[in-house]
Amino acid sequence: MTISEQLYERAKRVIPGGVNSPVRAFGAVGLTPRMIASADGVHITDEDGNEYLDFVGSWGPMILGHSHPAVQSAVIRAVKSGLSFGAATKREVEIAELICASVPNMEMIRMVNSGTEAVMSAIRAARGFTGRDKIIKFAGCYHGHSDALLVQAGSGVMTAGIPDSAGVPDGCTKDTFTAVYNDAESAGRLFREFPEEIAAVIVEPVGANMGVVPPKEGFLESLRGLCTEYGAVLIFDEVITGFRLAFGGAQEYFGVDADLVTYGKIIGGGMPVGAYGGKREIMEQVAPLGPVYQAGTLSGNPVAMAAGMAQLKMLKENDWIYEELNRLGEWFFGEMKKIADQSRIPATINACGSLGCVFFTDRTVVNYETAKTSDTEKYAEYFRYMLERGVYLAPSQFEAMFLSAAHPDEELRDALELTRGFFLGEEQETLRNESGTYSRI
Ligand SMILES: *Cc1c(COP(=O)(O)O)cnc(C)c1O
């Protein structure tokens, strides 16, 4: 047994499924997890000393690459001044000022500890602000694991509130409507039926938890229009897209205004951070200013804020990073598409900026229903083929490939060569030498 396998055996005895978040278990790709020991730049190394070219990037936070010196040294400096005070700090003021100065419609922001918490709190603020209970989400969009949001409406037909998870009482999801991604009219019908009852529409401006599904032209604009018309709050869940598509996230990238935005992942630079913020009149509802209660013992933690601030400052002060990310994405996923088009394996490449994915289907993927037409077994085969050859992809068909500004063209070209090997059935080399360490083709 490898060291990873031995650790996984031990893990399964004391941690449910051996992991602290389900997708890490590699269940969907028929393997057991590689236990990761360290990471640097775009490479991660497992406990057995195998090195991989990483396309997960901790699910997005590592937009500058792993162990970026600016982030790492900020954390080390912060640690020396104390790990947590449970009191207000200058760092929290500075990071809030930086974000409010640079993100459209961001007038006030509150730090929390995860994306789940950010979304849960934003919904509470929207309900408090509007005095309404119902919310609309879209099938296939993930908004964290809080009770009210664990609804997907598997059939794609709009349904009210059937929870996806055991342990979620129907009462918690009865006010959650599910509409169809890229079909604003499916939300419009709900608004017409319940014109005075819908507090908020929450959407991933680029769907990135059902594979990658970009918004069709006009989709986000129509949601904006509906929310304005019916007095509901438009929430962009930018836990993935925030500080990725642009510093101002999807609002800046697509030119559509949200009322509230939720963050996670990138905002913490790799530390557990989330945040929600937006229009002043809504955020003024939040305690201690207003009646919407929301709190956190470790929120705004000084070490986490130092990491987040260092990463955001790098992103803010270096415009070339977004040009580079979007250039890399356009080129890399464009090449993936050329490969897929030459192959007899049915595949659709979706991408937006530095996010992309391959769906093993011949359908155009625009929503959850079409995403689900993918051949997940084929994806598992592709995943295993790449992993064996030194490329670490998301261990699920329904996740994104995350590019970072640190991905060098040459290494991406190697990943494309391997992908070509898989799609065209050509024998391919590996990105590893005999000792397991990374070596270019
Ligand atoms: C990851 C994610 C969340 C949940 O964030 P956690 O930090 O895992 O709680 C919420 N929304 C979106 C869009 C996400 O991708």
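Note that the numbering runs from 1 along the sequence shown for the chain. Both ligands and their constituent atoms are indexed starting at 1 by order of listing.
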*Asks:* Counting from 1, what ligand 1 atoms have a heavy atom of S114 closer than 4.0 Å?
*Replies:*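 What qualifies from ligand 1 is 7 (O), 9 (O).
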*Asks:* Using a 4.0 Å cutoff against the non-hydrogen atoms of G115, which atoms of ligand 1 qualify?
*Replies:*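 Reading through ligand 1 atom by atom, the close ones are 4 (C), 5 (O), 6 (P), 7 (O), 9 (O).
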*Asks:* Short N/O distance, under 3.5 Å, between D237 and ligand 1?
*Replies:*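 Such a contact does occur with ligand 1.
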*Asks:* Return the residue, atom name and 0.1 Å-rounded distance of the protein heavy atom closest to atom 2 (C) of ligand 1.
*Replies:*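 Ranked first by proximity to atom 2 (C) of ligand 1 is K265 NZ, 2.6 Å.
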*Asks:* Only one of F333, F332, F383 forms a ring-ring contact (aromatic ring centres under 6.0 Å, His included) with F55, so which one is it?
*Replies:*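 Of all the options given, the one that passes is F332.
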*Asks:* Where on N209 is there a heavy atom closer than 4.0 Å to ligand 1, on the side chain, on the backbone, on both, or on neither?
*Replies:*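 Answer for N209: side chain.
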*Asks:* Quick check against the 3.5 Å criterion: does D183 have a side-chain atom that pairs as donor or acceptor with the backbone of S186?
*Replies:*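 Such a contact is found between D183 side chain and S186 backbone.
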*Asks:* Is D257 salt-bridged to K279, cutoff N-O under 4.0 Å?
*Replies:*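 No.
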*Asks:* Can you find an N or O of I240 that's nearer than 3.5 Å to an N or O of ligand 1?
*Replies:*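 It does not: no N or O of I240 is found under 3.5 Å from an N or O of ligand 1.
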*Asks:* I'd like to check the side-chain contact (heavy atoms from CB on, under 4.5 Å) partners of S222; sequence neighbours left out, ordered by chain and number.
*Replies:*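 A184.
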*Asks:* Answer yes or no: does an N/O atom from E204 fall short of 3.5 Å to an N/O atom of ligand 1?
*Replies:*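 It does not: no N or O of E204 is found under 3.5 Å from an N or O of ligand 1.
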*Asks:* Could you list which atoms of ligand 1 come closer than 4.0 Å to a heavy atom of T116?
*Replies:*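 The atoms of ligand 1 under 4.0 Å from a heavy atom of T116 are 4 (C), 5 (O), 6 (P), 9 (O).
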*Asks:* Which residue is it: T348, T373, D375? I am looking for the one with a side chain to side chain donor-acceptor pair (under 3.5 Å) to T361.
*Replies:*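 It is T373, the one option of T348, T373, D375 that forms the side chain to side chain donor-acceptor pair (under 3.5 Å) with T361.
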*Asks:* When rounded to the nearest 0.5 angstrom, what distance separates CE in M309 from CD1 in I99?
*Replies:*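 Output value for this atom pair is 8.5 Å.
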